[in-house]
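Just so we're clear, the structure is a prediction, and the values are computed from it rather than from any experiment.
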Amino acid sequence: MNTFMVSARHEMLNTRRARTAHLLLFVFVGMIIASSIIGWVTNRTVTGVYEKVVADGLTTAPNPFAGVTPLYYLRNAVIYVVLIGSLMAIVLGVQATLRDRKAATTDLVLSRPVGSVSRLLGQLVGLAGVLAASIAISFFVSWVIISVINGSPLGWPNTGRVIGFALLSWVLLTTFALLGMLTGLRSKQETTALLVPFVIWSAVAFVLPQIGTAARPVSLLNPVPAVSSTGGYFDIVSMITGPVSVTEQFKTASSIILRDTTVTGNAAFSILILVGVLAVMTVIVVATPRSRMRSGLNE
């Protein structure tokens, strides 16, 4: 237990000292907060144009933003979590394990009767704590902004949905942090350790969804999942690529949690896949052999 706690505290301290980590965390928190403001500006702009058109007698259609849920202003945050948050988590994960290998810290620590599993779990918990703090700060500020826009604090039902979205974001980011830790442990060069997880992230976020849905690449930048094509080939491919496309599963579950009526599906199924992938990645990382952890880099 002592090794576990010391490793967790050490990881949080190292992350706090790293300038790159600060920059990534600030960008992520800033974009999540900005997503609420962007949603509000969009609402006001469209409403202003609508009121002018109505005043000119050019339409009798209802305001497209009439009766929108307050959670609408948080929907754009989904894509920022997938893009900026995931890349941030990968970099933090790579740095966590690569830093110790470069400085031969792990070799020194594991030369003593210290459990490798406790060491890796401690590092993971430290990273997960940093990610949780970043998500908590960004979503709390977003909650305040949405409450101001709404004219009153969000009720408990909507607040619960914001918390659910935040927890789901933490699951996704922790999964990608584990991917970064794994490549940091397994790669023989620092460049490879950073490049490989970026390639895997690109495949998961863009290539697999496009294969299974035939969606245009630009449509995958939307905060909602791509609409699946139907037909013999696509039905078979979607069954294979769907569960592996964790970013699309995240979009599906998040959109349903945030009450986006344009998205249908089973949030429970998507959440189960995300938690399952997190569990599998955790097992893979902590199962890293002691000899692999103590290996140096071929620079």
Side-chain angles (χ1 to χ4, degrees), residues 1-18 20-22 24-25 28 81-82 84-110 112-138 166-187 190 193-194 196-198 200-201 204 246-247 250 271-295 297:
M1 180 61 70
N2 186 47
T3 302
F4 173 80
M5 294 303 298
V6 169
S7 297
R9 288 197 298 267
H10 183 259
E11 191 55 46
M12 287 188 283
L13 181 62
N14 281 330
T15 302
R16 191 179 68 181
R17 290 174 175 173
T20 303
H22 286 176
L24 292 171
L25 291 170
F28 173 68
V81 172
V82 171
I84 301 175
S86 298
L87 295 178
M88 173 195 70
I90 287 173
V91 172
L92 293 179
V94 171
Q95 288 184 340
T97 50
L98 206 59
R99 182 195 312 116
D100 289 347
R101 290 179 64 197
K102 290 175 63 177
T105 305
T106 302
D107 189 31
L108 177 61
V109 171
L110 295 182
R112 302 185 179 187
V114 173
S116 59
V117 174
S118 298
R119 170 68 178 167
L120 290 172
L121 283 177
Q123 287 184 293
L124 173 59
V125 169
L127 281 177
V130 171
L131 293 174
S134 302
I135 291 172
I137 293 172
S138 57
L167 290 174
L168 200 61
S169 300
W170 177 84
V171 170
L172 181 71
L173 298 193
T174 304
T175 300
F176 281 109
L178 282 164
L179 174 62
M181 290 180 65
L182 182 62
T183 57
L185 288 167
R186 295 286 180 174
S187 299
E190 184 175 2
L194 286 167
V196 170
F198 287 160
I200 295 175
W201 169 82
V204 170
V246 292
T247 52
F250 171 75
I271 292 172
L272 184 61
I273 289 178
L274 290 169
V275 174
V277 173
L278 174 63
V280 170
M281 287 297 299
T282 301
V283 172
I284 293 174
V285 169
V286 300
T288 302
R290 199 179 184 91
S291 58
R292 180 71 258 175
M293 295 175 61
R294 300 183 64 176
S295 64
L297 295 173

Which heavy atom in Thr97 sits nearest to a heavy atom in Gly180, and how many Å separate them? OG1-O, 4.1 Å
Hey, is the main chain of Ala128 close enough, under 3.5 Å, to the side chain of Trp170 for a donor-acceptor pair? yes
Pairwise side-chain contact, Phe28 with Val81, heavy-atom cut-off 4.5 Å (strictly under): yes
Which pair of heavy atoms, one from Leu120 and one from Val286, lies closest together, and at what distance? CD1-CA, 3.8 Å
Is a donor on one side and an acceptor on the other found under 3.5 Å between the side chain of Ser138 and the backbone of Ile135? yes
My understanding is that only one of Arg186, Gln123, Met281 makes a side chain to side chain contact (heavy atoms under 4.5 Å, CB included) with Met181; could you say which? Gln123
For Arg290, I'd like to know if atom CZ has over 12 heavy atoms of other residues, nucleotides or ligands within 6.0 Å. yes
Between Thr288 (side chain) and Val285 (backbone), is there a donor-acceptor pair under 3.5 Å? yes
Would you name the heavy atoms of Leu173 and Ser86 that are closest together and state the gap between them? CD2-N, 3.5 Å
Hey, mind stepping through Met88 and Leu131 against side chain to side chain contact (heavy atoms under 4.5 Å, CB included) and telling me if it holds? CA-CA 9 Å; Met88 173 195 70; Leu131 293 174; 3.5 Å; yes
Of Leu182, Val94, Leu178, Leu87, the one forming a side chain to side chain contact (heavy atoms under 4.5 Å, CB included) with Pro197 is Val94
Is it true that a side-chain atom of Trp201 and a backbone atom of Val82 form a donor plus acceptor pair closer than 3.5 Å? yes
Inter-residue atom distance Ser7.OG - Leu124.CG, 0.5 Å rounding: 11.5 Å
If you define the side chain from C-beta out and look only at heavy atoms, does anything of Phe198 sit under 4.5 Å from Val91? yes
Just verifying a value: how many Å separate Gln95 CD and Glu11 CD, rounded to the nearest 0.5 Å? 9.0 Å
OG1 of Thr183 to CG of Leu194, rounded to nearest 0.5 Å, is 7.5 Å
Atom pair OG1 (Thr15) and NE2 (His10), whose distance is rounded to the nearest 0.5 Å: 10.0 Å
In Å, rounded to the nearest 0.5 Å, how long is the span from CD1 of Ile90 to OG1 of Thr175? 11.0 Å
Could you state the interatomic distance from CD1 (Ile284) to CG (Leu185), rounded to the nearest 0.5 Å? 12.0 Å
Please determine whether side chain to side chain contact (heavy atoms under 4.5 Å, CB included) holds for the pair Thr174 and Leu127, giving the CA-CA distance in whole Å, both sets of side-chain angles, and the decisive distance to 0.1 Å. CA-CA 8 Å; Thr174 304; Leu127 281 177; over 6 Å; no
